[in-house]
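Here's the structure, in structure tokens; my notes come after.
As the structure is a computational prediction, the values presented were derived from the model and not from experiment. For this chain, numbers begin at 1 and follow the sequence in order.
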Amino acid sequence: MKTLEALIFDVDGTLAETERDGHRVAFNQAFQEFGLRWHWPVGLYGQLLRVAGGKERIRHYIHRYQPKFETEDIDALVVALHQAKARHFQALVESNVIPLRPGVRRLIEAAQRQGVRLAIATTSAKASVIPLLERLLGPDSPSWFEVIAAGDMVPAKKPAPDIYNLVVNTMHLNPATCLVIEDSPQGLEAAVAAGLPTVVTVNDYTRNYALPGARLVISHLGEPSLPFEVLWGEANNAYYFSLDLAQALLPA
């Protein structure tokens, strides 16, 4: 039997509930800052999440929902809006309104104790990820992860497998000995395309999506006092996610 070598985590929606109460709010604050009468309510943002990447999401929104919008330099506007959004997101992180999801700290600390290597693969910019880790897990936490692979480090974002291939190649990993923790269909598709077994911890936006290829689909990683809900797959009678369960989910 293969031995679990590494856990690779997505960030937004996986480590923390950043999408609905973080990035979405920050986008709306950026629009307001620029005097734009645009607003992304919870439902619409769920649709926009199908587009990976913040700048790509803004472009898609303009094309799909604001087709009559005109500006001299759309590229410059998109970049400026995204930069403003990053500032507002950082302010939200510092105000402690974005919590870790259940079981995240427990699983990461267990991996550290048992010598399981850690990495991050996210479509977000590294400049947004580092402060989030420092605030939620502690000032030294970025050093816990051997690789923090961000969306601006690869040619194509999820659902392309580029970000996961980067992690695997940089860490010289055997994909069959790693387990990815994701939250979305796009992230799952990217990880599976890279040959990585994947667990999906759904959130409000992704709970009702089809998630083909996942080894296990659960509501969250759980705690001994807060059991997860199994939505698909076999959890071997576990009620919170552990390294033993991770090991059991590796391909035979």
Side-chain angles (χ1 to χ4, degrees), residues 2-16 18-19 52-53 100-126 128-130 132-133 136-137 141-203 206 211 213-218 220-222 228 233 241-251:
K2 297 179 178 68
T3 300
L4 179 68
E5 184 179 6
L7 292 176
I8 307 172
F9 289 89
D10 172 54
V11 174
D12 293 312
T14 300
L15 292 185
T18 55
E19 293 292 9
L100 278 176
R101 296 195 68 191
V104 168
R105 180 183 295 275
R106 175 186 52 75
L107 184 61
I108 289 173
E109 291 178 348
Q112 288 181 291
R113 288 194 302 270
Q114 298 191 32
V116 176
R117 302 163 71 187
L118 296 168
I120 280 174
T122 177
T123 56
S124 292
K126 197 169 184 177
S128 296
V129 173
I130 298 296
L132 182 68
L133 294 175
L136 295 180
L137 291 170
S141 61
S143 67
W144 302 349
F145 301 89
E146 290 186 40
V147 174
I148 298 177
D152 51 3
M153 298 168 65
V154 292
K157 296 181 179 180
K158 301 173 186 176
D162 300 34
I163 197 74
Y164 283 109
N165 289 333
L166 175 63
V167 171
V168 168
N169 293 334
T170 302
M171 295 174 65
H172 305 289
L173 295 168
N174 174 358
T177 65
C178 307
L179 193 72
V180 170
I181 312 294
E182 268 283 358
D183 76 303
S184 70
Q186 296 89 342
L188 171 63
E189 183 178 341
V192 170
L196 292 158
T198 304
V199 171
V200 179
T201 58
V202 298
N203 55 48
T206 62
L211 296 162
R215 292 273 169 173
L216 180 67
V217 181
I218 51 181
H220 48 69
L221 293 174
F228 57 50
F241 201 88
S242 65
L243 294 179
D244 287 342
L245 179 54
Q247 172 70 53
L249 292 171
L250 296 181

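At least one donor-acceptor pair closer than 3.5 Å links the side chain of Gln247 to the backbone N or O of Lys2. Between the side chain of Arg106 and the backbone N or O of Phe241 there is at least one donor-acceptor pair closer than 3.5 Å. Panel note: side chain Arg215, backbone Gly233; no donor-acceptor pair is recorded below 3.5 Å. When atom types are taken as modelled, the side chain of Arg117 and the backbone of Met171 share a donor-acceptor pair closer than 3.5 angstrom. Of the possible polar contacts, none joining the Lys126 side chain to the Met153 backbone as a donor-acceptor pair under 3.5 Å is found. Under a 3.5 Å cut-off, the side chain of Thr206 and the backbone N or O of Asp183 do form a donor-acceptor pair. Although no hydrogens or angles enter the test, the distance criterion places a donor-acceptor pair under 3.5 Å between the side chain of Ser141 and the main chain of Leu133.
Applying the side-chain hydrogen bond (donor to acceptor under 3.5 Å, both in side chains) test to Thr122 and every residue at least two apart in sequence or in another chain returns nothing.
Residues Gly151 and Lys157 approach most closely at O-CE, 3.8 Å, considering heavy atoms. Heavy-atom minimum distance, Ala246 versus Leu4: CB-CD2, 3.8 Å. Across Glu182 and Thr198, no two heavy atoms sit closer than the pair CB-CG2, 4.0 Å.
Leu173 is listed as a side-chain neighbour of Cys178, based on a closest heavy-atom distance under 4.5 Å. Proximity of Arg105 to Leu137: side-chain heavy atoms (C-beta onward) are separated by under 4.5 Å at one or more points. Put simply, the side chain of Phe145 reaches to within 4.5 Å of the side chain of Ile108, judged on heavy atoms. The closest side-chain heavy-atom distance from Val168 to Leu196 is below 4.5 Å.
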Q: Could you go through the side-chain contact (heavy atoms from CB on, under 4.5 Å) check for Leu243 and Leu7 one step at a time?
A: CA-CA 9 Å; Leu243 294 179; Leu7 292 176; 3.9 Å; yes
